[in-house]
Amino acid sequence: MKLIFLGPPGAGKGTLATLVAAEYKIPHISTGDIFRTAIRNKTPLGLKVQSIIDSGQLVSDDITIELVQNRLMEDDIGGGFILDGFPRTIPQAEALERIIDIDRVINFDISDEDVIARLSGRRMCKNCGQNYHMVFSKPAVENVCDKCGGELIIREDDKIDSIKKRLEVYRKQTAPLIDHYKKQDKLTDIDARPQAE
Ligand SMILES: [Zn+2]
């Protein structure tokens, strides 16, 4: 079962990928993890990624593709895998097609408004890093960490302007993949609207 999880930031891809990967005992491959591992192991590509990130640039398609290709040659992927956060562009998708055949692409269908509602509700304890959500997982006392009494803050990434920028990049660069995989008859839509627990 070789899967791609496709969807905007805040659609819940990572959370579901972790569950499905554990259930089917297949690796959950995210580009963020691949970058971090390469940096930690100080591989030649890892050193390159480190310097790109340090200079505030985005890692290019070429380097990302090479890192994903290396990852897909490891011996734990025989039973399948979930790609999370890759491909992010049409050129990346085309490169992936030259490396391996994907069985299914799961498209996390969610509106920009719902993404904004979900991400902008996130809070993090300034002190211990515990995560909260103002709708889905509230602290007992408003803006106070249940664990340590620390103050809750909004991460830079979860501020409205930053969310809107990430959504804009997604709609422009990544959303064209929905049609790309639909044409190949590989797309499955799932309703990723947030649900209160
Ligand atoms: Zn805390």
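The first residue of the sequence shown is numbered 1, and numbering continues consecutively from there. Numbering of ligands and ligand atoms starts at 1, following listing order. Just the heavy atoms: all of them, side chains too, but no hydrogens, waters or symmetry mates, feed the values below.
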Tally of protein N, O or S atoms, where distance to the Zn ion (ligand 1) is under 2.8 Å: 4
Contacts of F86 that satisfy ring-ring contact (aromatic ring centres under 6.0 Å, His included) - sequence neighbours left out: none
For I100, side chain to side chain contact (heavy atoms under 4.5 Å, CB included) partners two or more places apart: K2, L72, I77, F81, L96, I102
Verdict with reasoning, I65 to Q92, per side chain to side chain contact (heavy atoms under 4.5 Å, CB included): CA-CA 7 Å; I65 289 160; Q92 288 184 0; 4.3 Å; yes
Residues D191, R193: salt bridge by 4.0 Å N-O rule: yes
Sidechain N-carboxylate O distance under 4.0 Å for D161, K164: no
Where at least one partner belongs to residues 169-195, residue pairs that pass ring pair (Phe, Tyr, Trp, His ring centres under 6.0 Å), sequence neighbours excluded: none
